[in-house]
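Worksheet for the structure shown next.
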There are 2 protein chains.
Amino acid sequence: MTDAQSRLEHLASLLRKNEHRLTPQRMAVLRLLALSVDHPSASQLYDQIHAQFPTTSRATVYKTLNLLKELGEVLELGFADDDKRYDGNKPYPHPHLICVRCRKIMDPAVSIAADMLQQVAQQSGYQILGHRLDFYGVCPECQEGG
Amino acid sequence: MTDAQSRLEHLASLLRKNEHRLTPQRMAVLRLLALSVDHPSASQLYDQIHAQFPTTSRATVYKTLNLLKELGEVLELGFADDDKRYDGNKPYPHPHLICVRCRKIMDPAVSIAADMLQQVAQQSGYQILGHRLDFYGVCPECQEGG
DNA sequence: GTGCTTGCAAACAGTTTGCAGATAG
DNA sequence: CTATCTGCAAACTGTTTGCAAGCAC
């Protein structure tokens with residue numbers, strides 16, 4: 001069984017366990033999220049799903065994403081001037097690498113040291129609940145294109 | 001001369017140098033930005049300015065902030081579900097500490113090691129242009145309040 | 001059969017924009 | 001004087017919401 005398949009089953013059984021219904025529309029969102037390595041937006045998910053199942057609305061995609069977010073199974077990356085992007089595979093804080101040209105989002109192989117979180121907590125007295133680290137740059141493909 | 005005063009003069013002379021006019025409305029925005037230690041939103045700036053100078057519109061506040069951003073004199077922190085916040089004193093990337101209750105934003109005394117940026121650049125092949133690091137938590141004052 | 005879920009369309013909110021009148025230099 | 005700036009109000013955009021009809025269980 002592939003990672004994507006087991007992730008999909010995890011998501012599906014979690015919905016069932018929490019007494020949410022497994023509609024075809026929801027399954028389509030779950031499947032795409034489990035398969036995606038990039039970080040799709042609601043609109044990108046909608047476009048793909050709607051092409052296959054024309055009986056799917058934007059509202060349902062948004063509602064499903066928010067449901068998964070509340071269940072802690074999806075990481076939402078919000079942007080002020082751009083669509084929100086969703087990570088259905090690693091729903092916990094981790095760094096992202098964002099191409100400012102093509103808007104591709106990758107996961108770089110670095111992490112915030114636990115030291116740093118403790119340091120901030122101690123210095124500030126804040127109770128730290130989460131964090132977000134984004135790197136902005138130009139991806140190799142976009143560098144070639146001028 | 002205080003830091004805020006010299007910062008204000010810097011901003012004012014920069015506008016003049018770039019052939020932008022120093023209107024009273026702009027000066028009010030500049031002054032507040034130079035004085036602010038928290039990270040005000042456009043609306044917060046507007047409220048304060050409009051109280052003193054009723055002849056000031058939201059649009060002008062937004063336009064002035066965007067002008068300063070283009071000149072590289074203000075750091076804009078955008079949020080998907082909240083107002084943008086502005087830092088007129090340190091207009092370069094640095095970490096922020098955000099209280100999820102009262103929405104106060106502070107600067108913690110930590111920084112991203114240059115090592116980390118280089119590491120990401122080398123691993124990924126991206127040309128890194130900037131970054132953003134936000135810590136989310138509950139500030140000491142809000143912890144007391146339950 | 002019951003009540004959760006869907007699709008539609010309208011609402012929402014912060015920000016941006018077009019334009020006519022005002023004003024800094 | 002004149003080009004830039006202001007204030008107003010409408011437009012914009014991604015997301016959310018209310019509601020009647022549909023369907024999972």
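It should be emphasised that the depicted structure is a prediction, and the values quoted were computed from it without experimental measurement. Below, chains carry the letters A, B, ... as their sequence lines are ordered, and counting in each starts from 1.
- Considering only the side chain of A/Thr60, C/dG7 comes nearest among D/dG7, C/dG25, C/dG7.
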Check: Between A/Arg85 and A/Arg103, is a side chain to side chain contact (heavy atoms under 4.5 Å, CB included) present by the stated rule, with each step listed?
Finding: CA-CA 10 Å; A/Arg85 306 283 289 264; A/Arg103 284 279 138 185; 4.0 Å; yes

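- Of the candidates D/dT15, C/dT5, C/dT16, the closest approach to any side-chain atom of A/Thr23 belongs to C/dT5.
- Nearest nucleotide to the A/Lys63 side chain, out of D/dG7, C/dC8, D/dA24: C/dC8.
- Proximity of B/Gln25 to the phosphate of C/dT23: no side-chain N or O atom is located under 4.0 Å from OP1 or OP2.
- Relative to the side chain of A/Lys84, the nucleotides D/dG14, D/dT16, D/dG7 differ in distance, and D/dT16 lies closest.
- Aromatic ring orientation, B/His39 versus B/His94: tilted (interplanar angle from 30° to 60°).
- Straight-line distance from the CG atom of A/Asp81 to the C1' atom of D/dT13: 11 Å, rounded to whole Å.
- OP1 and OP2 of C/dT16 both lie 4.0 Å or more from every side-chain N or O belonging to B/Tyr62.
- For the pair A/Arg58 CZ and D/dG18 C1', the interatomic distance rounds to 19 Å; values are reported in whole Å.
- Minimum atom distance to the side chain of B/Arg21 is reached by C/dA24, of the listed D/dG14, C/dA24, D/dT6.
- Of all nucleotides listed (D/dT17, C/dT16, D/dT6), D/dT17 comes nearest to the side chain of A/Ala59.
- Across all strands, A/Asp82 comes closer than 4.0 Å to no nucleic acid atom at all (heavy-atom distances).
- Side-chain atoms of B/Asp134 and A/His131 form no donor-acceptor pair, as typed in the model, at a separation below 3.5 Å.
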